[in-house]
Participant: 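Quick one: structure below, then a few questions.
Computed from heavy atoms alone, side chains included, the values below leave out hydrogens, waters and symmetry copies.
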Amino acid sequence: MSDQIQFIVEKLNQEPFRKNYNLITFDSLEAVQLLQLLSDVLGEIDPKHAVDIREELPEQTAKRMLSLLGILKYKPPGSISDLSAFRQGLVTGSKPVIHPVLYWLLQRTNELKKRAYLARFLVKLEVPAEFLQDDTVADINKQYEELMEAFKNLHKECEQLKTSGLSTAEIRRDISAMEEEKDQLIKRVERLKKRVETVQNHPRMLELARQLRLEKEREESLAQQKQEQKNQLFHAEQRLQRAQLQLKEMHHAVADSKPESLMKKLEEEINFNSYLATEKIPRELESKKNSVYFLQKVVAEPAMSQSDLSVLEIKINEVNAQINQLIEKRMMKYEPIDSKFSMYRQQASIISRKKEAKAEELQAAKEEMSSTERQMLQKTSQAQELEGSEVLKGDEFKLYVNKLRSKSTFYKKKRLEIAEITAEYGILQRTEELLKQRHEAIQQQLQAIEDKKGISGYSYTQEELERVSAVKSEMDEMKGRTLDNMSEMVKKLNAMVAEKKASLAPVIKELRQLRQKCQELTQECDEKKIQYDSCAAGLESNRSTLEQEVKGLLEECAQEESNYRYINCMKRNLEIQLQRAKEEMKLYISSDPQERRKAIREQYTRMILEQENLGKKLREKQKVVRESHGPNMKQIRMWQDFEQLMECKRECFLKQQNQTAIGQVIQEGGKDRLVL
């Protein structure tokens, strides 16, 4: 719980809340402040809920928060009774209810923002069925569902584009570059087509070139597969060598060890594990439980001020002083025998502490060894990923060192050669610079002479003509070479085609024979299929007729069975009624009066007599009531008249009293005037 509160305080102190709380101030918040804080967090997730709770009723606040928590799929802990307690705690602002909600919301704020945003468009409005019977409402509801599905698809595409890591600018640049490359390729293809159209039989040559390209690609793929298989074989051999080395090491370890040493190691491990399981871990668990209990007790108590803490510190000091005094008194009362026991106790406690320390050191060493082994495995895996091979050991490492030495000597020789070449390159570069300078000086002198003679530019034009002629001769040579190459390629392709035809001739003959067989078999298959279909249709019709007959017989059997059961039930009822009639006759004929009373006839006769007597009594009462009805009604009317008379008298008496009181007041007022 303390970790939750600390996490909540840290999140509330960050953006966008900036509450500047600490554990004490947060724990001292009142219920209304906690509800407002929860409303602010919900408002950060969904802006519609950024509301001041003082402006709405508590029921509205609880309903709003519960609806949003339901949309966000918050599950309160506990059963249905706990859910009602959760709602009540949310209304009253209870800390055990609000704190877990805040912890859950602040843990996954970004995810809940996304869920709240999607809920605005994906929470379906429930339309009653009677309204959906209207065509207009049904069409609108259908459009609403289609738009919801379209929104889902668009949102998924948007999320995929966001996670793909490609920006629109990069895509546009790639598209523009690909379009430029496409234009260049189209132009090159057109030029090549124009050049190839002049060659005779160029479609066949193109087809042969395409086949040649496909065969080359296949050859490359096969070479790549061969190389991959070689690499796999090499790695498998390396793994086999390592496994053999590990097997040798294990054999050496088993050969050097003895059963006594193995048993001793096992006993030491068992003793250590039993000590951990029986003494150390239960003691640590008990101490952890006590600390957790005290911490929960501290958390459950209200917030304490500095004065309360100072009072508690004073009490703790007093209790410690009393404990020390009691210990001193006890030590003073010890006898010599007890002092010996105390010495042994001290030695035992020292030994137990040393034992605990050594056990902790051993456990720490084991943990460190396991962590180093994990690190070693990680490093070896990283080395395998980087270099493609595992760490070498033993003889393999020595061979690797010898290879490195030979490579280092070879590297030194090549380095000396490179140094010599670089020195020679510097000398040649310097000579080139000198020759360029001399060439420029000669060119200037030649230009000056041409200017004097009036033929400026002659040398430049002569050089250009020589260069153009040289380029032309090179192009002619290249064209000749390309034509020769193409003619050689055509010859090779024709030879290859002839070889392929020769190799495929027997296969084609076999294929023709197989085609004839295939045609015969297909005809036979079609005939058999027609026979099968006709036979299957006949069997299907027979099966359907038999099924109908069986169905009719089953229905008839079910009807007869129901009739049989109904007749059995009627028979049982009649047997029961007959048995009851026989028993009734037996009781009625019996001479014993007690048994005759048990008969149903006797019981009904007694009931009839009782009802007749009751009817006589009621008729007599009715007669008496009819006779006394007239005088009684007359007496009621007389009492009503008497009541009205007394009411009139009371009203007259009250009026008379009021009149006499008013007269007395008037008389007193007149007397006062006379006195004045």
Participant: Going through the checks in order, is the salt bridge (Lys or Arg N to Asp or Glu O under 4.0 Å) test met by E610 and R606?
Facilitator: CA-CA 6 Å; E610 289 175 358; R606 283 198 302 272; 5.9 Å; no
Participant: Checking E111 against R115 for the salt bridge (Lys or Arg N to Asp or Glu O under 4.0 Å) test, could you report, in this order, the C-alpha distance in whole Å, the side-chain angles of both residues, the deciding distance, and whether it holds?
Facilitator: CA-CA 6 Å; E111 180 185 351; R115 190 175 292 173; 3.1 Å; yes
Participant: Using a 4.5 Å cut-off on heavy atoms from C-beta on, say whether the side chain of K113 contacts that of T109.
Facilitator: yes
Participant: Please evaluate residues R543 and E540 with respect to the criterion salt bridge (Lys or Arg N to Asp or Glu O under 4.0 Å), reporting the C-alpha separation (whole Å), side-chain torsions for both, the decisive distance (0.1 Å), and the verdict.
Facilitator: CA-CA 5 Å; R543 187 178 66 82; E540 185 67 25; 2.3 Å; yes
Participant: Using the rule given for side chain to side chain contact (heavy atoms under 4.5 Å, CB included), can you reason through V9 versus N13, listing the C-alpha separation, both sets of side-chain angles and the distance that settles it, and then say yes or no?
Facilitator: CA-CA 6 Å; V9 171; N13 291 334; 3.5 Å; yes
Participant: Please examine the side chains of D641 and L645, heavy atoms only from C-beta on, and report whether any two atoms are closer than 4.5 Å.
Facilitator: no
Participant: Should we count CZ of R580 as having more than 12 external heavy atoms under 6.0 Å?
Facilitator: no
Participant: Atom CG of L546 and atom OG of S544: how far apart are they, to the nearest 0.5 Å?
Facilitator: 8.0 Å
Participant: What's the separation between atom OG in S291 and atom CD in E286, rounded to the nearest 0.5 Å?
Facilitator: 10.0 Å
Participant: Are the side chains of K551 and E556 in touch, meaning some heavy atoms are under 4.5 Å apart?
Facilitator: no
Participant: Heavy atoms, side chains only, cut-off 4.5 Å: are L105 and L69 in contact?
Facilitator: yes
Participant: Do you know the tightest heavy-atom contact between M65 and L35?
Facilitator: CE-O, 3.4 Å
Participant: As an exercise, state the distance from CG of L38 to NE2 of H99, rounded to the nearest 0.5 Å.
Facilitator: 10.5 Å
Participant: Applying side chain to side chain donor-acceptor pair (under 3.5 Å), which residue pairs with at least one partner in residues 138-153 are found, sequence neighbours left out?
Facilitator: K124-E145
Participant: Any Lys/Arg nitrogen of E647 or R650 sitting under 4.0 Å from an Asp/Glu carboxylate oxygen of the other?
Facilitator: yes
Participant: Quick check on Q635: does its CD atom have over 12 non-hydrogen neighbours (other residues, nucleotides or ligands) under 6.0 Å away?
Facilitator: no
Participant: Is the number of heavy atoms from other residues, nucleotides or ligands within 6.0 Å of CE (M585) greater than 12?
Facilitator: no
Participant: Tell me every residue that passes side-chain hydrogen bond (donor to acceptor under 3.5 Å, both in side chains) with Q579, counting only those two or more places apart in sequence or in another chain.
Facilitator: none
Participant: Please enumerate all residues that pass side chain to side chain contact (heavy atoms under 4.5 Å, CB included) together with Y117, with sequence neighbours excluded.
Facilitator: R120, F121, F151
Participant: Taking all non-hydrogen atoms of both residues, which atom of P100 and which atom of V97 are closest, and how far apart?
Facilitator: CD-O, 3.5 Å
Participant: Can you tell me if E643 has over 12 outside heavy atoms packed within less than 6.0 Å of its CD?
Facilitator: no
Participant: State the SG-CD distance between C648 and Q644, to the nearest 0.5 angstrom.
Facilitator: 7.0 Å
Participant: Is T136 close to I140 at the side-chain level, that is, under 4.5 Å between some pair of heavy atoms?
Facilitator: yes
Participant: For residues 565-579, pull every pair meeting salt bridge (charged side-chain N to carboxylate O under 4.0 Å, His left out), keeping only residues two or more places apart or in separate chains.
Facilitator: E561-R565
Participant: Measure the shortest side-chain to side-chain distance between I98 and S94 over non-hydrogen atoms and say whether it is less than 4.5 angstrom.
Facilitator: no
Participant: Walk me through it: do M570 and Y566 pass the test side chain to side chain contact (heavy atoms under 4.5 Å, CB included)?
Facilitator: CA-CA 6 Å; M570 294 296 292; Y566 175 73; 3.8 Å; yes
Participant: Can you run down the side chain to side chain donor-acceptor pair (under 3.5 Å) pairs that involve residues 613-622, sequence neighbours left out, and say none if there aren't any?
Facilitator: none
Participant: Has E30 got more than 12 heavy atoms of other residues, nucleotides or ligands less than 6.0 Å from its CD?
Facilitator: no
Participant: Dump the intermediate steps for side chain to side chain contact (heavy atoms under 4.5 Å, CB included) on C535 and L539, then the final yes or no.
Facilitator: CA-CA 6 Å; C535 183; L539 293 173; 3.9 Å; yes
Participant: How long is the span from the CG atom in L106 to the CD atom in E44, to the nearest 0.5 Å?
Facilitator: 10.0 Å
Participant: Whether the side chain of S39 engages the backbone of Q36 through a donor-acceptor N/O pair (distance < 3.5 Å, no angle test) should be reported.
Facilitator: no
Participant: Is a side-chain donor-acceptor pair under 3.5 Å present for E560 with Y564?
Facilitator: no
Participant: Quick check for you: to the nearest 0.5 Å, what is the distance between E555 atom CD and C557 atom SG?
Facilitator: 11.0 Å
Participant: Test of understanding: with side chain to side chain contact (heavy atoms under 4.5 Å, CB included), list the residues that count as partners of L614, not counting sequence neighbours.
Facilitator: Q611, L618
Participant: List the atom of L112, the atom of W104, and the distance in Å for their closest heavy-atom pair.
Facilitator: CD2-CH2, 3.7 Å
